There are 2 protein chains.
Amino acid sequence: MAKMDLRRLRYFVAVAEERSVGRAAVRLRMAQPPLSVQIRKLESEVGTPLFRRGTRGMELTAAGRALLSRAREALALTAEGFEAARAVAAGRRGRLSVGYMFALAHAVLPRLVPELRRSLPKVDLEFIELSASTREARLLDHSVTVALCMPAIRHSEIEVSTIGKQRLMLAMPAGSQLARAAAVPVRKLQGRPLISLPGPAEDPATSVVTSLLRRHQVSMPVANRVETAHSALSLVLAGEGMAILPACAQLGCPTGVVFRPFLDADDAIDVAVCWRRDSLNPLVRNFLKCAEKVIRQA
Amino acid sequence: MAKMDLRRLRYFVAVAEERSVGRAAVRLRMAQPPLSVQIRKLESEVGTPLFRRGTRGMELTAAGRALLSRAREALALTAEGFEAARAVAAGRRGRLSVGYMFALAHAVLPRLVPELRRSLPKVDLEFIELSASTREARLLDHSVTVALCMPAIRHSEIEVSTIGKQRLMLAMPAGSQLARAAAVPVRKLQGRPLISLPGPAEDPATSVVTSLLRRHQVSMPVANRVETAHSALSLVLAGEGMAILPACAQLGCPTGVVFRPFLDADDAIDVAVCWRRDSLNPLVRNFLKCAEKVIRQA
DNA sequence: TTTTTGCCATACCGAACTCGTATGGGTGAG
DNA sequence: CTCACCCATACGAGTTCGGTATGGCAAAAA
C-alpha cells in the first residue's frame with residue numbers, strides 16, 4: 001500500500017499512453033508479462049482498477065485518468081529535481097550576490113552582466129555596490145558571494161583571482177593647466193593637493209599611488225580622504241585637488257573633470273575577483289570564467 | 001541514473017528533515033545502515049552530494065535543498081494521485097451532470113444541492129434542466145449522468161430507482177369556482193379543458209392522469225399540450241384550462257394559480273432517479289443515497 | 001592526553017522483488 | 001473453425017534491499 005514506486009508510475013503512464021501493454025513494453029524495452037504484472041500490482045496497491053481491458057487493448061478508467069495526470073507531474077517533478085540538484089552543483093543554477101566597486105561599474109558591469117545572464121540563465125543574480133572600507137566585511141559575513149575589487153583584497157580567508165589591470169591616470173578639473181598636455185610628467189604633481197582613497201599605508205589601493213609618487217620623489221599633501229572614486233571625482237570637480245585613479249573611472253566621470261595619463265609612468269592597479277576561500281559555491285568558478293572572458297575581449 | 005525510486009526520495013526527505021540518518025531511520029522504522037546506503041546511492045544517482053556530513057549529523061547542501069522541495073512535491077503528488085483514484089472509484093470525486101424536470105426544481109433541488117455539496121465535496125456538480133420529451137435522449141447520449149424524473153423513464157437501457165411519490169393535484173385560476181372548496185371531487189372536472197403534458201398514451205406521465213379520469217368516468221378535452229409544468233401553469237393562469245400536476249409543482253407556481261387536492265382520489269406519480277444501465281460511474285450510487293435521504297426527511 | 005560518546009560508513013547474509021521465457025486463455029477476424 | 005492478437009499466469013535467475021555486526025572518525029568529557 002505504501003509502496004508508491006516511481007517505476008510503477010512510469011510503467012503506468014506508458015501503458016496509458018500506448019493504450020496497450022504490449023506496445024508499452026516495447027517502448028520501455030522490456031517484455032510484456034512483467035509489465036502486465038506491474039500494472040496489476042499498481043492496481044491492487046491503489047485498490048481500484050485503472051484500466052478497462054478490452055480485446056483491442058487497455059483503456060483508462062476514470063480513476064486511472066485521475067491518477068495519470070498526477071503521475072505525469074510527479075515523474076516530471078523528480079526528473080526536474082534531479083536536474084536542479086545537478087545544476088546547482090555545477091553552478092548553473094542558484095543565487096549569486098556580486099559586489100563591485102563603483103569605479104568598475106561603468107567599465108565592467110555593462111559587459112559582464114549580459115554575459116552572465118547568457119551563460120548562466122538560471123542563476124539568480126544580485127548586484128551590490130561596495131565601498132572600499134566595507135568590501136572585506138561584506139565578503140566575510142556572506143552578504144556578497146564574490147566581489148569585483150580594485151585592487152585585490154588581501155586577507156587569509158579570501159581568495160583572489162586577478163583578471164585585469166587598470167592604468168593609473170590623473171584626474172583633474174578640465175580647466176587645469178596640466179590638462180593642456182596629452183600626458184603629464186609625474187614631477188609636475190609636486191606639492192599639489194591629493195584626493196585620496198582610504199586605507200592604511202599597507203592597503204594596495206593607496207600604496208600603488210604612494211609608491212608611484214615615492215619613486216618619482218614627489219609628495220602631494222592629502223587634501224581629502226573619500227570612500228569611492230565617485231566621491232573623489234566630485235571633489236576634483238569642486239576644485240579640492242587632483243586624484244590618481246584607475247583609467248576605468250573616467251567612464252563614469254562628470255563633465256568638467258578630465259583624465260590624463262602620465263608621461264613617465266605606467267603604473268597599474270589590479271582588477272580582481274575575490275571570494276571566501278571556504279566558499280563551496282560552484283557558481284564562483286563560473287562567475288570567474290565569465291569575468292575573465294569579458295575582460296579578455298575588452 | 002534512470003532509477004528515480006520514490007522510496008529513495010522518501011528516505012531523502014526524512015533524513016533532510018531529521019538532519020540525521022539515525023533519527024530518520026527511527027522515523028522510517030528501519031535500521032540505520034541500509035538508510036545510509038540508500039542515501040549514498042541517491043547521491044551517486046544524482047551525481048552530486050546532497051548532504052554535508054558533520055560529526056553532529058547531516059546537513060543539506062545547496063543541491064540537496066534544490067532537490068528537497070521537488071521531492072516533497074513529487075511524494076505529495078503521487079499520494080494525492082492514489083487518493084484521487086480511490087476517490088473517483090468510490091464516487092467521492094469526479095463530475096456529475098444532474099438532469100432534472102422543472103417541476104422538481106423548487107421541491108427537491110433546494111434541499112438536494114446542499115446535501116450533495118456536503119457529502120460529496122470534491123464532486124464537480126452540474127445541473128441541467130430537462131424537458132419531458134428530451135430527457136431520455138440526454139441520458140442516452142451522456143449529456144447527463146443521472147436524471148431526476150417524474151415519472152420514471154421506461155427504457156431498456158435505463159435503470160430507475162423510485163425515491164418518492166407526488167400526489168396529483170388540480171391547478172386552476174384563483175378565481176375559479178372549484179377553488180372555493182378545500183378539495184375537489186373528480187367528477188366536477190367533466191368537460192373542462194385540460195392542459196396536458198406531452199407523450200403518447202403509454203407515457204406514464206400522462207397515463208396516470210388519464211387513468212385517474214377514466215376511473216372516474218370523466219373526460220376532459222385536451223386544450224393544449226405543453227413541455228413543462230411551468231408552461232402548463234402559465235396557460236392555467238391565462239385561463240386556457242386546468243392542469244393536473246404533481247403537488248410539488250405548486251412551489252414554483254405563479255400567484256393567481258391555486259392547487260387543490262382531489263376529494264375522492266389520491267393518485268400519485270413516481271419521483272425517480274434514472275441513469276444509464278451501463279454507467280459505471282460510482283457517483284450514481286452516492287447520488288442516489290443523497291437523493292433518498294433528502295426525500296425521506298421531506 | 002586519553003577516554004568516551006555519538007554518528008555515519010562498510011561488510012556480509014538472508015529475503016523480497018523484478019525481469020525474462022514459456023505458456024495459457026479469451027475474443028474477434030478470415 | 002482456425003488464426004491472430006493481446007493480456008494473464010507460472011516459474012526460474014539475477015538483482016536489490018534490509019538487518020546485524022563492526023569499523024572509523026571527531027567532538028565532548030575525564
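This is a predicted model, so every value here is computed, not measured. We name chains A, B, ... by the order of the sequence lines, and we start the count at 1 in each one.
With sequence neighbours left out, the salt bridge (Lys or Arg N to Asp or Glu O under 4.0 Å) criterion links B:Glu159 to B:Arg277. Partners of B:Thr162 according to the side-chain hydrogen bond (donor to acceptor under 3.5 Å, both in side chains) rule, which considers only residues two or more places apart in sequence or in another chain, do not exist here. The ring pair (Phe, Tyr, Trp, His ring centres under 6.0 Å) search around A:Phe12 returns A:Phe51, not counting sequence neighbours. Here A:Ser97 pairs with A:Glu126 under the side-chain hydrogen bond (donor to acceptor under 3.5 Å, both in side chains) rule; sequence neighbours left out. With sequence neighbours excluded, no residue forms a side-chain hydrogen bond (donor to acceptor under 3.5 Å, both in side chains) with A:Arg29. Under the side-chain hydrogen bond (donor to acceptor under 3.5 Å, both in side chains) criterion, A:Thr145 pairs with no residue at all, not counting sequence neighbours. Taking A:Tyr100 as the reference, nothing meets the ring pair (Phe, Tyr, Trp, His ring centres under 6.0 Å) condition, with sequence neighbours excluded.
A donor-acceptor contact shorter than 3.5 Å is absent between the side chain of B:Ser279 and the backbone of B:Trp275.
On the nucleic acid side, DNA chain C contacts chain B at distances under 4.0 Å to non-hydrogen atoms, with the end points of that region at C:dC7 to C:dT10.
The side-chain hydrogen bond (donor to acceptor under 3.5 Å, both in side chains) contacts involving residues 30-39 of chain A comprise A:Arg8-A:Gln38, where partners must be two or more places apart or lie in separate chains. Applying the side-chain hydrogen bond (donor to acceptor under 3.5 Å, both in side chains) rule to pairs touching residues 58-72 of chain B yields A:Glu80-B:Arg70, B:Glu17-B:Arg72, sequence neighbours excluded.
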How does each nucleotide of nucleotides 15-28 of chain D score, in 5' to 3' order, for protein heavy atoms under 4.0 Å: base (B), sugar-phosphate only (S), or none (-)?
-> --SBBBB----SS-

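Rounded to whole angstrom, the span from the CZ atom of A:Arg19 across to the P atom of D:dC7 amounts to 12 Å.
Applying a 4.0 Å cut-off to non-hydrogen atoms, none of the residues of residues 59-67 of chain B approaches DNA chain D.
Residue contacts shown for A:Gly57 are limited to sugar-phosphate atoms, with no base heavy atom under 4.0 Å away.
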